[in-house]
Amino acid sequence: MSSTIFKALSMILSVFAIVQISMAGDPDILTDFIVPPNTTVDGNFFTFTGFRDIFSRNSTLSQFTILKASRLQFPALDGQSVSYAFLEFPGGSINPPHTHPRSAELLFTVEGSLQVGFVDTTNKLFTQTLQIGDMFVFPKGLVHFQHNTDAQKPALAISAFGSANAGTVSIPTTLFNTSIDDTVLALAFKTDVATIQTLKKAFAS
């Protein structure tokens with residue numbers, strides 16, 4: 001095999017590998033379901049009751065809250081490529097910009113209204129104002145947000161994910177509540193170190 005053909009094949013295989021990685025989701029399983037060690041398998045194993053408090057709560061929340069039913073909270077989801085989250089937005093609250101590296105998100109508005117949006121890889125912003133009964137999809141891995149712009153009324157939504165562990169990377173927290181060097185952030189945001197330190201203090205509290 002000539003070196004030219006070998007290099008071409010190597011390049012094709014490398015591209016194929018990158019495409020496969022970028023398309024990767026939850027791995028396929030070779031059994032009907034996955035059972036953690038020392039676990040009794042009956043109807044209870046396949047039942048999640050963590051959302052019951054939503055319907056019995058008497059007080060109103062003061063800040064954005066998310067309740068998850070993912071592999072961590074609901075082990076029966078392991079290998080099933082699905083999970084849920086219940087999002088509660090008090091008036092004026094926000095779910096800050098974030099990403100889910102392993103899944104798209106399908107959000108369903110069940111109460112109130114939400115301003116939502118995401119930014120694609122060309123830096124184009126797509127936004128929408130959702131009413132009760134509306135759905136919106138946030139493509140896998142893209143930065144997105146949700147905002148209850150009504151300061152007086154709460155909003156509720158349910159999100160479905162195509163992964164048992166979609167993962168969440170909060171952009172503000174990742175940037176300003178980790179050990180990324182202040183100078184690096186100042187250069188990236190075209191500002192000074194003092195401004196970055198002020199932002200970090202807000203996230204440290």
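Here, residue 1 is the first one in the sequence, and each next residue gets the next number. All values below were derived from every heavy atom in this structure, side-chain atoms included, with hydrogens, water molecules and symmetry-related copies excluded. Computed from a prediction, not measured in an experiment: that's the story for all the values here.
Its side chain within the 4.5 Å cluster rule, Phe108 clusters with Phe48, Phe51, Ile54, Phe55, Leu67, Phe74, Leu77, Val82, Tyr84, Phe86, Leu106, Val110, Met135, Val137, Leu156, Ile158 among the Ile, Leu, Val, Met, Phe, Trp and Tyr residues. In this structure, Val119 shares a hydrophobic cluster with Leu125, Phe145, the cluster being traced through Ile, Leu, Val, Met, Phe, Trp and Tyr side chains under 4.5 angstrom apart.
For the 3.5 Å distance criterion, the side chains of Thr47 and Asn44 fail to qualify, holding no donor opposite an acceptor. Using a 3.5 Å distance cut-off with no hydrogens or angles, the side chains of Ser163 and Asp26 do pair a donor with an acceptor. Side-chain atoms of Thr129 and Gln115 include no donor-acceptor pair closer than 3.5 Å.
Within the 4.5 Å cutoff, side-chain heavy atoms of Pro154 are placed close to those of Glu111. Within the 4.5 Å cutoff, the side chain of Leu87 has heavy atoms near those of the Leu107 side chain. For the pair Pro172 and Pro96, the minimum side-chain heavy-atom distance is below 4.5 Å. The closest side-chain heavy-atom distance from Leu142 to Thr121 is below 4.5 Å. Side-chain contact check for Asp120 versus Phe126: some heavy-atom pair is nearer than 4.5 Å. Phe46 has its side chain within reach of Val41: a pair of non-hydrogen atoms, C-beta onward, lies under 4.5 Å apart.
Under the 4.5 Å side-chain heavy-atom criterion for Ile, Leu, Val, Met, Phe, Trp and Tyr, Phe176 and Val169 are members of distinct hydrophobic clusters. A single hydrophobic cluster is seen to contain both Ile180 and Phe203, as judged by linkage of ILVMFWY side chains at heavy-atom distances under 4.5 Å, directly or through other members.
Taking the centre of each ring, His144 and Phe118 stay at or above the 6.0 Å mark.
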*Hey, mind stepping through Phe189 and Leu175 against side-chain contact (heavy atoms from CB on, under 4.5 Å) and telling me if it holds?*
CA-CA 11 Å; Phe189 285 94; Leu175 292 174; 3.6 Å; yes

*Go through the steps for Gln63 and Leu61 under the test side-chain contact (heavy atoms from CB on, under 4.5 Å), then give the verdict.*
CA-CA 6 Å; Gln63 60 184 3; Leu61 297 175; over 6 Å; no

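Put simply, OG1 on Thr195 and CG on Leu185 are 11.5 Å apart, with the number rounded to the nearest 0.5 Å. One finds the CG atom of Asn165 at 11.5 Å from the NE2 atom of His100 (value rounded to the nearest 0.5 Å). A distance of 9.0 Å separates CZ of Phe161 from OG of Ser70, quoted to the nearest 0.5 Å. To the nearest 0.5 Å, atom CD of residue Glu105 and atom CZ of residue Phe136 are 10.0 Å apart. For the atom pair CG (Leu114) and OG1 (Thr149), the distance works out to 8.0 Å, reported to the nearest 0.5 Å. In this structure, CZ on Phe138 lies 7.0 Å from NE2 on His98, to the nearest 0.5 angstrom.
Panel note: side chain Ser103, backbone Gly162; a donor-acceptor pair is recorded below 3.5 Å. The backbone N or O of Gln146 sits nowhere less than 3.5 Å from a side-chain atom of Asn95 that would complete a donor-acceptor pair. Side chain of Thr174 to main chain of Ile171: no donor-acceptor pair is present (N/O by atom type, distance under 3.5 Å, no hydrogens or angles). A donor-acceptor contact shorter than 3.5 Å is absent between the side chain of Asp78 and the backbone of Pro75. A donor-acceptor pair is defined here as one N or O able to donate and one able to accept, closer than 3.5 Å; such a pair exists between the side chain of Thr39 and the backbone of Pro36. In this structure, the side chain of Thr198 engages the main chain of Ala194 through a donor-acceptor pair within 3.5 Å. Checked by atom type and distance alone, the side chain of Thr99 never pairs as donor or acceptor with a backbone atom of Pro101 at under 3.5 Å.
Within a 6.0 Å sphere centred on CG of Asp42, heavy atoms belonging to other residues, nucleotides or ligands number more than 12.
The heavy-atom pair separating Pro97 from Val143 by the smallest distance is CB-CG1, 3.9 Å. In this structure, Ala76 and Gln80 approach most closely via the heavy-atom pair O-CG, 3.5 Å.
By the salt bridge (Lys or Arg N to Asp or Glu O under 4.0 Å) test, Asp182 is found to be paired with Lys200, residues two or more places apart in sequence or in another chain being considered.
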